[in-house]
Amino acid sequence: MADWQRQIETILQENTSVKSIFDISILLAKNDQILNNLRPAFVKLENDLGISGEEAMTDFKTVAKTFTSDYETNSGFEIEKLTQILDGKQAAIIKKVKSVISRPEFAYETSTNTAVYREKVYEWCKILAAENLGNMAYPKQYGGGENIADYFAIMETLSYHDLSLVIKFGVQFGLWGMSVQSFGTEKHYSKYLKDIGSLQLPGCFAMTETNHGSNVKGMETTATYNHKNQTFTIHTPHEKAQKEYIGNAAVHGQMATVFAKLIIGEIDYGVNAFIVPLRDTNSTILEGITIGDCGLKMGLNGVDNGTIRFDNVVIPKENMLDRFASINEKGEFESPIPSDNRRFFTMLGTLVGGRIGIPRSALAAAKSGLTIAIKYSDKRRQFGPEGGSEVPILNYRIHQRRLLPLLAKTYATHFALQYVTKRFIDKNESEMQEIESLAAGMKAYSTWNTTAVLQECREACGGKGYLSENRIDALKNDTEIYTTFEGDNTVLMQLVAKNRLSEFRKSFGQMDAMGIINYVYESAKTVISEKNPIVTRKTEDAHLMDGEFHLEAFQYREKTILASAAKRLKKLIDSGLEPYDAFNVVQHQMIDVAQAYLERIVLEQFQEAIQTIEDPKSKKILVKLYQLYALSQIEKNKAWYLEDGYMEAVKTKAIRKMVNQLCWEIRPDAVSLVKAFDIPDSCLAAPIAF
């Protein structure tokens with residue numbers, strides 16, 4: 001400091017015109033020697049004071065203008081119009097359900113006591129029954145609404161609320177009630193349907209056994225017919241043959257549709273369905289019935305899953321659900337379907353509705369998770385340009401990459417499930433095998449998507465996503481089982497693949513390699529000349545965004561994988577391998593066959609849905625979402641396209657770049673796109689979403 005004083009005194013002696021400290025500062029700054037001598041002292045002073053020179057100077061700098069920080073939320077379309085497009089013809093029933101579940105009595109149950117939670121869910125079901133929502137699919141003459149399309153819409157809309165409610169609702173009015181309607185006849189309808197629809201008669205759907213889940217045909221519960229007494233004896237031969245995971249069994253169920261092997265004399269006539277009483281009207285368990293409680297589960301703890309064992313329980317003959325099989329006055333087995341296999345699969349085919357309800361419920365859960373995560377990401381600020389304010393994390397490209405392709409896929413799945421629902425409702429006998437396969441595949445596709453969506457949403461919300469109050473934990477836990485019930489997803493995908501391979505079966509004997517190649521190119525509308533350096537390297541924006549290019553790429557992948565699996569199966573069988581073993585060898589390829597088929601179906605239905613939209617602004621944003629879905633799926637499968645030579649690296653890199661760009665372009669509309677789901681605030685409930 002003394003040295004500084006001497007230098008300042010020298011300056012004053014040489015410059016008599018100095019009038020202020022500011023003048024001294026100017027003169028000091030002009031003297032390089034003085035400045036260099038002062039620098040170390042000032043740096044030491046800054047360090048001693050805990051001030052970084054660079055940080056201090058940012059206060060005097062102009063804030064950098066960045067496009068990342070300037071990007072803001074807006075809406076390029078009318079949210080209400082997009083909601084109308086999504087709801088379609090079921091808009092009225094969707095609005096009614098949203099109104100009901102927004103009532104104060106539907107406030108979420110926060111008690112961790114399972115018994116309290118189960119009773120709350122049961123009370124909710126009673127309210128829905130009183131609103132004539134449970135019996136919506138039943139014939140009008142039995143008190144129902146005779147509208148299966150509305151029933152599926154009810155299931156999906158309820159899934160914005162508590163998923164235990166959805167499953168309890170589905171067990172009672174779907175599995176229990178629809179099994180009576182599907183397998184029974186007039187005498188059963190008039191006796192049971194009205195009480196089932198009003199929840200006067202709570203019941204169960206008792207198919208799954210401890211040792212036999214997906215393999216229904218292998219179940220061991222028996223129903224032995226006694227012609228003299230006109231009765232059946234229902235029996236569980238050993239512990240591992242008990243019915244397990246049965247919803248409504250542990251507490252509320254009074255009756256059950258029980259699947260059991262029909263035994264007449266010493267002959268096994270295969271699996272049939274029977275109505276078996278479990279409890280009386282006072283909820284007392286009946287003689288010969290043993291019921292256990294599955295206890296605390298990973299999720300859905302508002303549903304009373306239980307086990308059921310039957311110890312020679314006798315039921316009257318009329319309790320056999322006899323639409324597909326019956327016993328005549330002579331005590332002989334009769335069926336309008338002579339083939340045991342065909343009869344069995346016809347019975348199971350009537351249950352396809354469950355494989356539509358579950359993926360639609362999963363879809364709603366994905367929509368809820370995305371709504372929470374995207375709305376939070378639009379508000380949550382983190383980091384930012386030097387000297388500027390923090391930036392919404394949804395502005396960051398990697399965050400867009402995490403959420404927006406999943407949003408596009410969820411929109412795509414919405415339209416695909418609408419298509420499957422319509423196919424199921426308008427079905428005819430010749431299409432049933434295809435529809436069953438399609439429903440099975442979309443169940444797997446939708447539920448797997450929901451699992452992936454909710455995991456990403458949890459992570460994208462950071463610590464807030466881990467808090468129970470923000471609901472992602474409940475959504476994750478409750479939908480985990482969706483990949484298992486109504487058929488394990490991997491098993492269902494094999495069913496889909498076998499259906500796709502069925503068109504090859506007649507040709508296995510004579511189809512050579514060239515025949516398979518021709519099949520691939522003709523079916524995919526792709527000619528060999530397209531696999532040349534020009535096409536495989538084509539990267540123009542117009543080409544990459546073209547729907548025809550997307551469809552041909554998806555078709556080509558589907559048909560090539562299918563043909564490859566067929567060729568390998570043929571080779572294995574020709575070499576002497578049993579067909580059962582051959583299918584086991586190629587199981588990993590079977591999953592690829594099903595996945596490629598489903599991706600093509602979803603893409604096509606997204607394309608077709610867009611063509612029907614009249615509102616230009618809604619159409620414009622949906623086209624962008626469609627393009628993002630298409631290109632992100634191609635990007636996901638880029639290794640396959642590169643291996644096959646359908647694309648070269650320059651093209652897959654261009655696709656990656658275009659996916660990034662589409663995410664950036666969709667980002668301003670992201671909040672509006674989730675608002676279009678129109679999820680009631682009381683159902684969304686997450687504080688971070690408001």
Side-chain angles (χ1 to χ4, degrees), residues 114-115 118 122 167-168 170-172 175-177 179-180 183 192 196 201-226 229 231-264 266 268-297 300-301 303-321 344 347-348 351 481 484-488:
T114 302
R118 287 172 171 179
Y122 191 42
I167 300 308
K168 184 86 167 179
V171 167
Q172 172 65 25
L175 292 176
W176 162 227
S179 64
V180 173
F183 300 139
Y192 298 113
I196 294 173
L201 182 57
C204 312
F205 182 83
M207 177 181 279
T208 301
E209 295 181 0
T210 302
N211 264 0
H212 291 91
S214 297
N215 183 19
V216 177
K217 204 171 184 181
M219 65 174 52
E220 298 173 85
T221 303
T222 57
T224 304
Y225 180 61
N226 183 324
N229 298 329
T231 59
F232 294 99
T233 300
I234 310 297
H235 186 63
T236 304
H238 57 85
E239 184 180 356
K240 297 298 183 182
Q242 70 180 355
K243 300 298 181 180
E244 192 167 15
Y245 314 116
I246 310 303
N248 259 3
V251 179
H252 298 121
Q254 292 179 13
M255 287 189 171
T257 294
V258 176
F259 290 81
K261 286 185 175 180
L262 171 61
I263 309 295
I264 304 177
E266 299 298 321
D268 179 350
Y269 287 93
V271 176
N272 286 268
F274 306 84
I275 293 178
V276 183
L278 303 178
R279 294 179 173 87
D280 61 21
T281 54
N282 296 319
S283 296
T284 302
I285 298 174
L286 300 176
E287 186 178 353
I289 305 288
T290 301
I291 293 178
D293 194 323
C294 289
L296 198 65
K297 307 183 293 290
L300 300 178
N301 284 301
V303 182
D304 53 326
N305 294 92
T307 59
I308 311 173
R309 295 184 66 179
F310 306 95
D311 184 8
N312 293 305
V313 176
V314 177
I315 60 171
K317 180 184 176 184
E318 62 263 24
N319 280 28
M320 180 179 181
L321 294 170
F344 174 72
M347 283 180 62
L348 294 189
L351 302 176
I481 194 63
T484 300
F485 62 32
E486 288 293 342
D488 173 84

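Values below: every heavy atom of this structure, side chains too, minus hydrogens, waters and symmetry copies. For the single chain, residues carry numbers from 1 onward in sequence order.
Nearest approach of Ile246 to Ala206, heavy atoms of both residues: CD1-CA, 3.8 Å. Contact record, Arg118 with Ala250: NH1-CB, 4.2 Å, taken as the closest heavy-atom pair. Closest approach of Gly247 and Val171 over heavy atoms only: O-CG1, 3.5 Å. Considering every non-hydrogen atom in both Gly295 and Asn301, the closest pair reads O-OD1, 4.1 Å.
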Residues 268-276 side chain polar contacts: donor-acceptor under 3.5 Å, at least two apart:
unit_1	atom_1	unit_2	atom_2	d
Asp268	OD1	Gly270	N	2.7
Asn272	ND2	Gly270	O	3.1

In sequence, state the C-alpha distance, the side-chain angles, and the governing distance for Met207 and Leu175, and then conclude on side chain to side chain contact (heavy atoms under 4.5 Å, CB included).
CA-CA 10 Å; Met207 177 181 279; Leu175 292 176; over 6 Å; no

Apply side chain to side chain contact (heavy atoms under 4.5 Å, CB included) to the pair Thr208 and Lys243, showing each step before the final yes or no.
CA-CA 6 Å; Thr208 301; Lys243 300 298 181 180; over 6 Å; no

Let's go through Asp304 and Lys168 carefully: what are the C-alpha distance in whole Å and the side-chain angles of both, what is the deciding distance for side chain to side chain contact (heavy atoms under 4.5 Å, CB included) to 0.1 Å, and is it a yes or a no?
CA-CA 8 Å; Asp304 53 326; Lys168 184 86 167 179; 2.7 Å; yes

Run the side chain to side chain contact (heavy atoms under 4.5 Å, CB included) test on Ile289 and Val313 for me, step by step, so that the C-alpha distance in whole Å, both residues' side-chain angles and the decisive distance to 0.1 Å come before the verdict.
CA-CA 7 Å; Ile289 305 288; Val313 176; 3.7 Å; yes

Full working for side-chain hydrogen bond (donor to acceptor under 3.5 Å, both in side chains) between Glu209 and Thr221
CA-CA 8 Å; Glu209 295 181 0; Thr221 303; 2.7 Å; yes

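A donor-acceptor pair under 3.5 Å is formed between the side chain of Asp280 and the backbone N or O of Asn282. The backbone N or O of Pro202 lies less than 3.5 Å from no partner atom in the side chain of Asn248, so there is not a single donor-acceptor pair. With Arg309 contributing its side chain and Ala241 its backbone, the two residues share no donor-acceptor pair below 3.5 Å. Although no hydrogens or angles enter the test, the distance criterion places a donor-acceptor pair under 3.5 Å between the side chain of Thr236 and the main chain of Phe310. With Gln172 contributing its side chain and Ile196 its backbone, the two residues share a donor-acceptor pair below 3.5 Å. Side-chain N or O atoms of Asn305 include one that pairs as donor or acceptor with a backbone N or O of Tyr245 at under 3.5 Å. Side chain of Trp176 to main chain of Met255: no donor-acceptor pair is present (N/O by atom type, distance under 3.5 Å, no hydrogens or angles). Within the 3.5 Å criterion, the main-chain N or O of Phe344 finds no donor-acceptor partner in the side chain of Lys217.
With rounding to the nearest 0.5 Å, the separation of CG in Asn226 from OG1 in Thr231 is 4.5 Å. With rounding to the nearest 0.5 Å, the separation of OG1 in Thr307 from CD in Glu239 is 9.0 Å. Between atom OG1 of residue Thr257 and atom CG of residue Leu321 there is a gap of 5.5 Å, rounded to the nearest 0.5 Å. To the nearest 0.5 Å, atom CD1 of residue Ile264 and atom OG1 of residue Thr224 are 10.0 Å apart. The structure places SG of Cys204 at 5.5 Å from CG of Leu278, a figure rounded to the nearest 0.5 Å. Within the model, atoms NZ of Lys297 and CD1 of Ile481 stand 9.5 Å from one another, a figure rounded to the nearest 0.5 Å.
The ring-ring contact (aromatic ring centres under 6.0 Å, His included) search around Phe183 returns Phe259, not counting sequence neighbours.
A side-chain contact (heavy atoms from CB on, under 4.5 Å) with Lys240 is found for exactly one of Gln242, His238, Glu244, namely His238.
A 4.5 Å side-chain heavy-atom check between His235 and Asp311 finds at least one atom pair inside the cut-off. Here the side chains of Phe232 and Asn319 are not in contact, with every heavy-atom distance at 4.5 Å or above. Taking the side chain as every heavy atom from C-beta outward, Tyr122 and Val251 never approach each other to under 4.5 Å.
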